[in-house]
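Heads up: the structure comes next, in structure tokens.
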There are 2 protein chains.
Amino acid sequence: MSTIEIPDVVIQRLPLYVRVLAGVLSQGTKVISSKDLGDILQITPAQIRKDLSYFGRFGKQGRGYNVRFLRDELRQILGLDQMWSTCLVGVGRLGEAIINYPGFIPEGFNVLAAFDSDDKSVGRMVGDLRVDSISNLDEIIQSKCIQIGIVAVPASDAQSVIDKLVSSGVTGILNYAPISAQVPNDAFVRNLDPVLSLQSMTFYLTRGNETSIDAI
Amino acid sequence: MSTIEIPDVVIQRLPLYVRVLAGVLSQGTKVISSKDLGDILQITPAQIRKDLSYFGRFGKQGRGYNVRFLRDELRQILGLDQMWSTCLVGVGRLGEAIINYPGFIPEGFNVLAAFDSDDKSVGRMVGDLRVDSISNLDEIIQSKCIQIGIVAVPASDAQSVIDKLVSSGVTGILNYAPISAQVPNDAFVRNLDPVLSLQSMTFYLTRGNETSIDAI
DNA sequence: ATATGTGAATGGGTTCACAGCT
DNA sequence: AGCTGTGAACCCATTCACATAT
């Protein structure tokens with residue numbers, strides 16, 4: 001076991017592999033080659049083999065990868081063999097959509113609490129959750145052992161919300177707000193910003209085609 | 001003027017620069033150095049200067065960059081000096097949140113039509129929009145000159161929706177569905193997938209800290 | 001003095017190509 | 001024969017460092 005630094009791009013591809021493996025498994029495919037996996041994801045076979053080689057030797061030469069085994073190994077590497085407890089901050093329309101999104105639970109992400117700064121929203125039921133006041137954030141995060149905070153508040157509030165989450169012990173932030181969040185480096189942020197995505201896409205749209213870009 | 005291929009990572013950073021420049025401008029800052037810009041975004045000054053040098057010489061040696069001028073130049077480079085017409089497909093909770101999101105219009109993105117495959121949803125008003133049937137998609141996209149499609153349908157429907165959008169002439173897709181979408185290479189996709197973001201973050205959360213990752 | 005713009009150097013991720021296993 | 005695993009080669013992005021301008 002060595003301390004080779006694994007590139008973040010590699011880490012970001014692993015969930016894609018997990019997703020495709022789960023898909024082909026449900027279609028009854030037992031074994032898959034790096035080439036077939038790559039064809040589905042539009043990634044070179046060499047890339048896939050190299051990515052996997054950071055973590056071990058999962059394949060059989062001459063045959064390929066056992067789909068179920070590789071999926072399970074990757075899930076374990078990513079920490080997806082456990083449930084993750086999350087909370088939502090900001091119960092606007094986006095927040096409601098997040099709470100009711102059916103895609104989180106099957107992947108092991110549970111939204112266990114919802115907070116809003118607006119007193120009119122507090123107490124209201126959204127999905128299965130009662131909206132709590134942000135003033136109870138620290139207490140509830142600790143009592144429910146929440147590990148991940150999902151931030152869906154306006155840009156102006158986002159940094160202070162993230163600060164509160166981090167100081168309550170949350171180390172993972174999924175940030176929907178259009179800001180460049182600052183966190184201590186024992187915490188991690190992933191941003192989902194539709195405006196940034198659109199604004200970088202329009203560069204290519206203004207220039208017709210030719211400049212093919214990769215759909216991550 | 002040459003045909004140096006500009007890396008997509010560079011293109012993706014430009015909107016960040018625009019955002020920060022607009023922010024400091026509204027606070028009255030007239031001139032900014034690459035160092036100050038970099039401090040805000042946690043990007044090295046050299047990176048910023050190199051990025052900008054792909055497109056021209058916007059700064060003054062010894063002084064820095066005129067904030068308003070640089071913002072305007074970058075907006076023009078990105079094609080943000082025009083309005084963009086978009087449509088939404090999939091008027092579920094997420095779709096409603098997207099339609100009502102106040103962050104698009106000030107950045108020049110207008111959602112001009114909304115489509116849903118569910119007949120019970122068609123005809124309903126969401127925000128200012130009347131939900132249309134997907135069977136009218138082609139006609140309305142052409143009549144409203146829609147350039148970008150925002151896809152907020154379940155995974156199972158997403159690829160066929162994207163196919164319809166592309167064949168109606170849309171060349172930009174903002175995809176919220178958890179699939180690896182396939183498009184012809186005169187079209188562009190940007191994905192927003194909260195599950196993938198979470199699943200790559202948990203890798204780091206399971207390992208405590210040390211492995212600092214960059215918040216894009 | 002101070003900060004840009006840019007070739008050169010460095011570093012890091014991807015692809016190649018082949019040994020080795022089935 | 002077919003496909004993995006991996007060092008080496010390659011390529012691309014970042015950083016350095018300095019000439020240049022104010």
Side-chain angles (χ1 to χ4, degrees), chain A residues 1-14 16-17 21 24 29-67 69-71 73-74 77 200 211-214 216, chain B residues 1-14 16-17 21 24 29-67 69-71 73-74 77 200 203 211-216:
Chain A
M1 198 46 139
S2 52
T3 322
I4 315 144
E5 199 54 57
I6 298 160
D8 187 51
V9 270
V10 173
I11 304 303
Q12 293 196 47
R13 280 191 293 267
L14 300 187
L16 291 171
Y17 302 158
L21 291 167
V24 301
T29 305
K30 295 267 190 291
V31 173
I32 195 168
S33 67
S34 58
K35 178 176 183 313
D36 292 343
L37 235 183
D39 286 345
I40 296 170
L41 286 165
Q42 297 183 268
I43 292 177
T44 65
Q47 175 98 82
I48 291 171
R49 294 200 303 276
K50 183 60 112 181
D51 285 355
L52 298 178
S53 76
Y54 282 104
F55 303 97
R57 303 145 66 108
F58 305 110
K60 280 203 170 55
Q61 286 159 325
R63 294 201 36 73
Y65 300 90
N66 178 299
V67 175
F69 173 71
L70 181 57
R71 182 203 59 176
E73 287 290 311
L74 291 178
I77 289 162
S200 62
T211 336
S212 187
I213 56 172
D214 22 16
I216 311 153
Chain B
M1 197 47 139
S2 51
T3 320
I4 317 145
E5 199 54 58
I6 297 160
D8 187 53
V9 270
V10 173
I11 304 303
Q12 293 198 44
R13 279 191 293 266
L14 300 186
L16 290 170
Y17 302 159
L21 291 167
V24 300
T29 305
K30 296 266 190 292
V31 173
I32 195 167
S33 66
S34 58
K35 177 175 183 311
D36 292 342
L37 236 183
D39 287 344
I40 296 169
L41 286 164
Q42 298 182 265
I43 293 177
T44 65
Q47 174 100 81
I48 291 171
R49 295 200 302 275
K50 183 60 109 181
D51 284 355
L52 299 178
S53 75
Y54 282 104
F55 303 98
R57 303 146 65 108
F58 305 111
K60 281 204 169 55
Q61 286 159 325
R63 294 202 38 72
Y65 301 89
N66 179 298
V67 174
F69 173 72
L70 181 57
R71 182 203 59 177
E73 287 290 312
L74 291 178
I77 290 163
S200 61
F203 174 82
T211 337
S212 187
I213 58 172
D214 22 17
I216 310 155

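In the text below, chain A, chain B and the rest are named by the order of the sequence lines, each starting its count at 1.
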- Query: Roughly how many Å is it from CD1 in B:Ile6 to P in C:dT6, rounded to a whole number?
  - Reply: 13 Å
- Query: Rounded to the nearest 0.5 Å, how far does OG1 of A:Thr44 lie from CG of A:Leu37?
  - Reply: 11.5 Å
- Which part of the nucleic acid, if any, lies within contact of A:Lys50, taking any heavy atom under 4.0 Å across all strands shown: a base, the sugar-phosphate backbone alone, or nothing? base
- If you check every side-chain atom of A:Arg57, which of D:dG5, C:dA3, D:dT14 has the closest atom? D:dG5
- Separation of C:dT6 atom C1' from B:Phe58 atom CZ, nearest Å, is 15 Å
- Which of these nucleotides, C:dG13, C:dT4, D:dA13, is closest to any side-chain atom of B:Pro7? D:dA13
- Message: With rounding to the nearest 0.5 angstrom, report the CD1 to CZ distance, A:Ile11 to A:Phe55.
- Response: 4.0 Å
- Using only side-chain N and O atoms of A:Tyr54, determine if any of them is under 4.0 Å from OP1 or OP2 of C:dG13. no
- Spacing between B:Leu37 atom CG and C:dG5 atom P, to the nearest angstrom: 12 Å
- Task: Return the value, rounded to whole Å, for the distance between atom CG of B:Asp51 and atom C1' of D:dT14.
- Result: 9 Å
- Query: For A:Arg49, which contact category applies under a 4.0 Å heavy-atom criterion: base, sugar-phosphate, or nothing?
  - Reply: base
- Regarding the side chain of A:Gln47, the nearest nucleotide among D:dT6, C:dT6, C:dT15 is C:dT15
- List the steps, then state whether side-chain contact (heavy atoms from CB on, under 4.5 Å) holds for B:Tyr65 with B:Leu21. CA-CA 10 Å; B:Tyr65 301 89; B:Leu21 291 167; 5.9 Å; no
- In whole Å, what is the span from the CD atom of B:Gln12 to the C1' atom of D:dT14? 16 Å
- Query: Checking all strands, does A:Arg63 fall into the base, sugar-phosphate, or nothing category for heavy-atom contacts under 4.0 angstrom?
  - Reply: sugar-phosphate
- Message: If you assign A:Ile43 and A:Lys60 each to the DNA chain C nucleotide with the nearest heavy atom, which residue ends up on the more 5' nucleotide?
- Response: A:Ile43
- Task: Starting at atom CG of A:Leu52, determine the distance to atom C1' of D:dT4, rounded to an integer number of angstrom.
- Result: 10 Å
- Message: Is there a side-chain contact (heavy atoms from CB on, under 4.5 Å) between B:Ile48 and B:Asp51? Walk through the geometry before answering.
- Response: CA-CA 5 Å; B:Ile48 291 171; B:Asp51 284 355; 5.5 Å; no
- Note on the structure: Taking D:dT15, C:dG13, D:dT6 as options, the one with an atom nearest any side-chain atom of B:Ala46 is D:dT15
- So, does the side chain of A:Gln61 form a donor-acceptor pair with the base of C:dT22 at under 3.5 Å? no
- Item | Distance in angstrom units between B:Ile32 CD1 and C:dA3 P, rounded | 12 Å
- Start with the C-alpha gap between B:Leu70 and B:Ile32, add the side-chain angles, then the distance that decides, and say whether side-chain contact (heavy atoms from CB on, under 4.5 Å) holds. CA-CA 10 Å; B:Leu70 181 57; B:Ile32 195 167; 5.5 Å; no
- Quick one: is C:dT4 close enough that its OP1 or OP2 comes under 4.0 Å of any side-chain N or O from B:Ser34? yes
- Task: Identify which nucleotide among C:dT4, C:dT14, D:dG5 has an atom closest to any side-chain atom of B:Ser33, counting heavy atoms from C-beta outward.
- Result: C:dT4
- Should A:Arg13 be listed as having a side-chain N or O under 4.0 Å from OP1 or OP2 of C:dT14? yes
- Report yes if at least one side-chain N or O of B:Thr44 is closer than 4.0 Å to OP1 or OP2 of D:dT15; otherwise report no. yes
- Among A:Ile43, A:Leu52, A:Leu41, side-chain contact (heavy atoms from CB on, under 4.5 Å) partner for A:Arg13: A:Ile43
- In whole angstroms, the gap separating C1' of D:dC12 from CD1 of B:Ile11 amounts to 15 Å
